Amino acid sequence: MYSRLHLTLLFSLLSFVLHAQEKLTGKIVNNRNEPVSGVSVRISGTQNGTTSNVEGRYSLTLTPGTKYELEFSAVNYIGKKVSDVVIGAGLDNTLDIVLEFAPSDLAGVTVRTTSRRMESTNTLLNFQKNNTAVSSGIAADFIRRTPDKNTGEVLRRVSGTSIQDNKFVVIRGLSDRYNSAFINGAQLPSSEPDKKAFSFDVIPSQLIDNIIINKTATPDLTGEFAGGLVQVITKDIPTSSQLAFGVSLGYNTQSTFKDFLSNERGPNDWLGFSDRKLPSAYPKKYGAYNYLSTEDKVAVSKSFRDDVYRQAQSTAGPIQQYNLTWSNVVRTKNNAQWGSVIGITYRNAKQLYNANKELNEYFDYTDAQNKYTVNWGAVANIAWTKGRHKVAFKNLYNQLLDDNYYVRSGLNFDGLQEVALRSSVLNQRTLYSSQLEGTHQLFKDIRFQWNLNYSYNHKQTPDLRVQTYSRTIGSSGPLTLNLRGNNTNRFFSDLSDNAFGYNASLAIPFTLGAHKQTVKVGGSATVRLRDFRGIILGLKEPDDQSITTQPFDQAFLHQNFRPDGFYYTTDLQNPSDKYYGVSALSAGYVMFDNKLNDAIRIVWGTRFENFEQFLKSNTLTSDKASILNTNKFDVLPSANLTWSVNSKTNFRVAGSRTVARPEFREVASFAFFDFEQLASISGTPGLKRSSILNADVRYEYYPRSGELLSLGAFYKNFADPIELTLNESSTGSRRQYEYRNAEKANLIGVEAEFRKSLSFLGGAKWLENLYFNGNVSVIFSKVQVGNTNAAGDKLESTNRPLQGQSPYLINAGFQYDGENGTNVSLLYNRIGKRLALVGNATFPSIYERPRDLVDFQISQKVFKRKGEVRLTVSDILNQRYVSYQEAFNGKGTLPFIDYRMGTTISLGFNYNLDLKK
């Protein structure tokens, strides 16, 4: 009965296919990438037509299968005619137009284009060509042809960009802390408790419309970046009503249908919500537990669940991914329009791999990793537009649960111990981002834009469990619980980050000489509130030592919690394991967009930013509050000059000053030991903000529709760069990393990007739809580190590369977009040797070895182009992930961590229903 109901519902939905007229939609911009409202769009030889709205968008009803010629005209612009316009079910029923300003002596002239194909240039290439700054981007149609499942994986395809740990972006060799992230015009806070970074794996790729990375600064953008400013735009307001759904199942060569181990799952884990939590009997007030009697401590210890150490075995099923998107548009009688996009995507995966971890003469471990991941996201955007006004309400929600259960075996040579460890590391993240924004075309084409935004970022580590057994190497005695230090513990943390902000701008056009000019003034403010608390509990060494040899799933049963047995202690707790922070960033700017003549355009101005940061935290050794209160005012000038030699060629020169400010976590004294990485990370009060001088030159050539060739060079000079470096007091099995300011750093690089049709190889028509695209970056950096001895005396400086920097990055691929609905892509990615963790005089730095990543995808339109079948093969070569230390004597390398993730083969189906109104 249940399945019959599903079939009935499915066929009912399929009956909603629209067979009547279709709508052609698009966006009209000028050659400054500004939307043009009030453009007349007409069918040649008729009076049938429409006009563009405040966003430059239009919608025109046409008959499928009929060829049309369309006319686009507006005051002060050169008109345009586009022929061979054909629409139909399953076709790309969009046509974006770029109109050029009309010089006074060419008013009223219309330029005829030869065909719709020539006019339909790639949207992002148009944006890149006419953008005010040096930028790179990637659009939804390209994302759809890759096997990438989240934004982090998508970003590695962008020129000069790589991804660290599959989620943190590295742009132009600069680590994540030197980059900023925006979504729909609002800045995203750091999603990590231990670093200044946004974890891009939380945004599913299906919800993305496009991604733009600005690599040079303009006054209307935040001045807090040096590598790049990542702007993620989610699906916007539709021009037709549709229901789209999809399903994908994936097979991983080393995980799927294999035995999978974990602690027992909670009932809501599959939804991304764990039932793990600190019991209510544990005192909320910090330090109160220490004053309890032994009997009360035993009672509180027994309130913790004792069944959580049970090991459950299951089968790693296929990787599952589902998506559903409903888009709706309603046109009212007074020429107003309401539009909405509501979408949801869900992914569930189990992944198995063995990681070998080795560090010189200190340890040699093998970790059997069992990683369970649930990620689902939703977008809900609604907008109203009428004439010269638009108001939109955009919302993004994401829920991520990531649980890594691993079993470690091996030798710890530092302590002469044979080790058997089990750990369950569960992280739960919630992200909500909301914007209320408006665009208004006022008198004399003055454009007013505003945005109110809020974001909520919540990360929990509920009941991270580590359980270590050990015995002397070579001993035949039983494995015994190691309760020393933090070898066996339970850790709970809760981080909440709330951000409130606004931005507003006024763009005023004016004429100087024969050319249109613009001055833009605006301001913004963002207030962030962060609250973090961590609780780590060790165990009292029992008088009854017999219970320390009990099996892992029985040792911590309630009967073993007694005065002569176990009970939890706070000996591992530090006063600094909590902090509260408030920051406020206020900014104002003035920006001029000047056209000096027909070929030269300069965008220049100054941004003013005032940053205040307040942090209340205890020190590592005292429960007295340590308060940091900083206030810094920065003047950040920038200029971007573009010389358009002709309609196909740009030369760009840019210069700016930007900053990189310490994050809450980087100045808080909180320290956390990560057993997976075998290292701890702590903040450093008193960090200075970094000041960066940036310079860029770039050549761009756009030979024909959808093609690009560019070559650029860039230089950056850092004062007081912030890096994560190894503390001198570290030991081999207890490495301690902390944030520090180096003296200065320099970075220089070149990057090339290309997209070229292979039609020049012969007369075959299919070659016109086959493109070879890619990008290459070569980067050199040098950090000057100021060294001091034990007495604080300054020693000679040493030089090394920037942390996170790769000497080169390569992306390349072939893409075929056939007229019969067949799409094929073959993509390649490689990054050079990357400095992952900075060492010291005792322990060499840790590098990541280059690996070749090859992905393949083929898709075919079916069911009159309304459906699509897609086969993807990701990481075909399945090369090992390897990190290593370089020996001090320069003779060879020392292994650190290596593992394989397997090749993943996925088969998916998507279907679009046109909903009849």
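In this text the structure is predicted, and so the values were computed from the model without any measurement. Heavy-atom basis, side chains included; hydrogens, waters and symmetry copies ignored. Numbers here simply count residues along the sequence, with the first being 1.
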Rounded to the nearest 0.5 Å, how far does OG1 of T461 lie from CZ of R429? 10.0 Å
Is there a donor-acceptor contact under 3.5 Å from the side chain of N640 to the main chain of A654? no
What residues form a side-chain hydrogen bond (donor to acceptor under 3.5 Å, both in side chains) with K357, not counting sequence neighbours? D367
With the side chain counted from C-beta on, respond yes when K756 and L709 share a heavy-atom pair under 4.5 Å apart, and no when they do not. no
Just by distance, with hydrogens left out, do N252 and T904 show a side-chain donor and acceptor under 3.5 Å apart? yes
Check whether any side-chain heavy atom of R755 lies under 4.5 Å from a side-chain heavy atom of Q815, and answer yes or no. yes
Those residues that, when tested against R880, pass side-chain hydrogen bond (donor to acceptor under 3.5 Å, both in side chains) (two or more places apart): D898
For a 4.5 angstrom cut-off between non-hydrogen side-chain atoms, does L724 reach Y739? yes
For F772 and F814: C-alpha separation, side-chain torsions, deciding distance, then whether ring-ring contact (aromatic ring centres under 6.0 Å, His included) applies. CA-CA 5 Å; F772 180 46; F814 290 94; 4.8 Å; yes
Heavy atoms of L687 and P662 approach each other most closely as O-CG, 3.8 Å
Where do N398 and N375 land on the side chain to side chain donor-acceptor pair (under 3.5 Å) test, with the steps shown first? CA-CA 7 Å; N398 184 267; N375 187 1; 2.9 Å; yes
Do N356 and Y365 have side chains that approach each other closer than 4.5 Å (heavy atoms only, starting at C-beta)? no
With side chain to side chain donor-acceptor pair (under 3.5 Å) as the criterion, how do N811 and Y828 come out once you've worked through the C-alpha distance, each side chain's angles and the decisive distance to 0.1 Å? CA-CA 6 Å; N811 286 293; Y828 172 80; over 6 Å; no
Nearest 0.5 Å, please: how far is OG1 in T725 from CZ in R740? 4.0 Å
Please name all residues satisfying side-chain hydrogen bond (donor to acceptor under 3.5 Å, both in side chains) with D403, sequence neighbours left out, ordered by chain then number. R265, S424
Counting only N and O atoms by type, is there a donor-acceptor contact under 3.5 Å from the side chain of N741 to the main-chain atoms of K688? yes
Could you check whether any side-chain heavy atom of T222 comes within less than 4.5 Å of a side-chain heavy atom of F182, counting everything from C-beta outward? yes
When you check the gap from the basic side-chain N to the acidic O, do R800 and E723 get nearer than 4.0 Å? yes
Just by modelled atom types, is the V783 backbone N or O under 3.5 Å from a matching donor or acceptor in the N746 side chain? no
I would like to know whether Q369 and N354 meet side chain to side chain donor-acceptor pair (under 3.5 Å); could you show each step before the answer? CA-CA 6 Å; Q369 307 269 1; N354 290 328; over 6 Å; no
How long is the gap from CG on N717 to OG on S691, to the nearest 0.5 Å? 8.5 Å
Kindly indicate whether a cation-pi arrangement holds for K833 with Y847, taking the cut-offs as under 6.0 Å to the six-membered ring centre and within 45° of the axis. yes
If you define the side chain from C-beta out and look only at heavy atoms, does anything of Q857 sit under 4.5 Å from R870? yes
Verify side-chain contact (heavy atoms from CB on, under 4.5 Å) between I846 and R735, making sure each step is shown before the conclusion. CA-CA 12 Å; I846 294 175; R735 292 171 297 122; 3.7 Å; yes
List the atom of S845, the atom of G839, and the distance in Å for their closest heavy-atom pair. OG-N, 2.8 Å
What's the shortest heavy-atom distance between R689 and D720, and which atoms? O-CB, 4.0 Å
With sequence neighbours left out, what residues match Y353 under ring pair (Phe, Tyr, Trp, His ring centres under 6.0 Å)? Y899
Beyond-backbone contact of N650 with Y702, side-chain heavy atoms, under 4.5 angstrom: yes
Working to the nearest 0.5 angstrom, can you tell me the gap between F754 CZ and L711 CG? 12.0 Å
Would D402 and N427 satisfy side chain to side chain donor-acceptor pair (under 3.5 Å), going step by step from the backbone distance to the final call? CA-CA 5 Å; D402 193 332; N427 288 299; over 6 Å; no
The test is side-chain contact (heavy atoms from CB on, under 4.5 Å); show your working for L708 and E753 and say whether it passes. CA-CA 7 Å; L708 162 69; E753 185 175 2; 3.9 Å; yes
Give the C-alpha distance, both sets of side-chain angles, the deciding distance and a yes or no for side-chain contact (heavy atoms from CB on, under 4.5 Å) between R851 and Y881. CA-CA 7 Å; R851 65 187 299 269; Y881 290 83; 3.3 Å; yes
So which atom in P844 and which in Q885 form the shortest heavy-atom distance, rounded to 0.1 Å? O-NE2, 3.1 Å
Taking ring pair (Phe, Tyr, Trp, His ring centres under 6.0 Å) as the definition, give me every residue that meets it alongside F718, ordered by chain and number, with sequence neighbours left out. Y178
For Y406, give me all partners under ring pair (Phe, Tyr, Trp, His ring centres under 6.0 Å), at least two apart in sequence or on another chain. none
The test is side-chain contact (heavy atoms from CB on, under 4.5 Å); show your working for T658 and E224 and say whether it passes. CA-CA 6 Å; T658 58; E224 193 171 1; over 6 Å; no
Under a 3.5 Å cutoff, is there a donor and acceptor pairing between the side chains of N727 and Q736? no
Rounded distance (nearest 0.5 Å) linking atom CG of L758 with atom CG of N769: 10.5 Å
Might you point out which heavy atoms bring Y771 and S757 nearest each other, and give the distance in Å? CD2-N, 3.5 Å
Counting only heavy atoms not in K782, do more than 12 sit closer than 6.0 Å to its NZ atom? no
So, S255 side chain and L352 main chain: donor-acceptor pair closer than 3.5 Å or not? yes
For R900 against N878, the heavy-atom pair lying closest together: NH1-O, 2.7 Å
Please name the residue in the list N775, I779, V778 that meets the side chain to side chain contact (heavy atoms under 4.5 Å, CB included) test with L809. I779
Min side-chain heavy-atom separation Q351-Y372 under 4.5 Å: no
Taking the cut-offs as 6.0 angstrom to the six-membered ring centre and 45 degrees off its axis, would you call R698 and F651 a cation-pi pair? no
If we ignore angles and hydrogens, is there a donor and acceptor under 3.5 Å between the side chains of S423 and R408? no
